[in-house]
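Dropping the structure in here first, questions after.
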Amino acid sequence: MATGQVDPEAARSALEAERGRLLVELGEPIESPGQMTYGSQAAAASHVFEQQRDLALRERSRAELVRVDAALRALEAGTYGTCASCGKPIAAERLEAIPWAPTCIDCARKPAR
């Protein structure tokens, strides 16, 4: 394999491992706040904060799972490693660090419109 190329089997393995981790994470229940009693507003507020944090983390995991699934589909289609924005190759180093990266580093640095 030439320098700078990504090993498709290593990429598939990394993506499938990440997909499995995310599915386990998303399957964990989020504890709902219990009945609030007088004087426990601070405890209830802390619990609500933790619940909101957990919901935000879960949403982030869902979004990452979508990117991982897209990368697995790109592997199947033979387009893995091609920037979804500009169409140029994504650097192997970037894909080794973030196998589900949909864009090259230059496009990722561009401000969102």
Side-chain angles (χ1 to χ4, degrees):
M1 180 179 329
T3 304
Q5 288 185 336
V6 175
D7 176 6
E9 288 310 310
R12 181 181 315 284
S13 178
L15 288 165
E16 287 174 352
E18 182 65 8
R19 186 175 195 283
R21 184 192 71 77
L22 289 166
L23 288 172
V24 166
E25 189 176 287
L26 288 168
E28 293 174 0
I30 293 178
E31 211 174 295
S32 63
Q35 180 138 2
M36 190 170 79
T37 60
Y38 181 75
S40 65
Q41 288 92 351
S46 291
H47 194 80
V48 168
F49 170 80
E50 290 170 5
Q51 184 183 34
Q52 292 298 315
R53 180 201 61 209
D54 291 347
L55 288 169
L57 289 172
R58 180 164 289 184
E59 188 54 39
R60 182 174 180 251
S61 293
R62 278 191 192 107
E64 188 173 312
L65 182 60
V66 167
R67 289 189 294 271
V68 168
D69 284 341
L72 284 166
R73 285 191 305 276
L75 262 171
E76 291 299 319
T79 59
Y80 181 75
T82 302
C83 178
S85 182
C86 71
K88 294 180 183 173
I90 300 172
E93 296 81 12
R94 177 162 170 77
L95 290 173
E96 286 171 18
I98 309 170
W100 53 89
T103 58
C104 66
I105 194 69
D106 290 335
C107 289
R109 288 181 177 153
K110 290 179 184 174
R113 294 177 196 192

Which atom names give the shortest non-hydrogen contact between L65 and L23, and what distance separates them?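 Scanning both residues completely, I find the closest heavy atoms to be CD2-CD2, 3.8 Å.
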
N/O donor-acceptor pair under 3.5 Å between S61 side chain and L57 backbone: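 Checking the backbone N and O of L57 against the side chain of S61, a donor-acceptor pair under 3.5 Å is found.
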
Listing request: all salt bridge (Lys or Arg N to Asp or Glu O under 4.0 Å) pairs with a residue in residues 72-87, at least two apart in sequence or in separate chains.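 Of all non-adjacent pairs touching residues 72-87, those that pass salt bridge (Lys or Arg N to Asp or Glu O under 4.0 Å) are R12-E76.
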
With sequence neighbours left out, what residues match D106 under salt bridge (Lys or Arg N to Asp or Glu O under 4.0 Å)?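 By the salt bridge (Lys or Arg N to Asp or Glu O under 4.0 Å) rule, D106 matches no residue at all.
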
Smallest separation among heavy atoms of E64 and W100, with atom names: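 The pair with the smallest heavy-atom distance is OE2-CZ2, 3.6 Å.
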
If hydrophobic clusters are built from ILVMFWY residues whose side chains come within less than 4.5 Å, do Y80 and V66 share one?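 Shared cluster, no.
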
Show the nearest heavy-atom pair for residues A101 and I90, with the distance to one decimal.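 For A101 versus I90, the nearest heavy atoms are O-CD1, 3.5 Å.
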
For the backbone of L26 and the side chain of R62, can you confirm whether one donor and one acceptor N or O come within less than 3.5 Å of each other?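 Between the backbone of L26 and the side chain of R62 there is no qualifying donor-acceptor contact (under 3.5 Å).
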
Decide yes or no on side chain to side chain contact (heavy atoms under 4.5 Å, CB included) for E96 and V6, but give the supporting numbers first. CA-CA 8 Å; E96 286 171 18; V6 175; 5.7 Å; no

Minimum heavy-atom separation for A71 to P99, with atom names?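 Distance-wise, the nearest heavy atoms are CB-O, 4.0 Å.
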
Salt-bridged, E50 to R53, with N to O below 4.0 Å?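 Salt bridge between E50 and R53, a charged N being under 4.0 Å from a carboxylate O: no.
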
Is it the case that atom CZ in R21 sees more than 12 heavy atoms from other parts of the structure closer than 6.0 Å?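 Atom CZ in R21 is packed in, count exceeds 12.
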
Do you know which two heavy atoms are closest between V68 and L22, and how far apart they sit?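 Taking V68 first and L22 second, the nearest heavy atoms are CG2-CD1, 4.1 Å.
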
At their closest point, which heavy atom of G81 faces which heavy atom of L95, and how far apart are they?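 Looking at all heavy atoms of both residues, the shortest contact is CA-CD1, 3.6 Å.
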
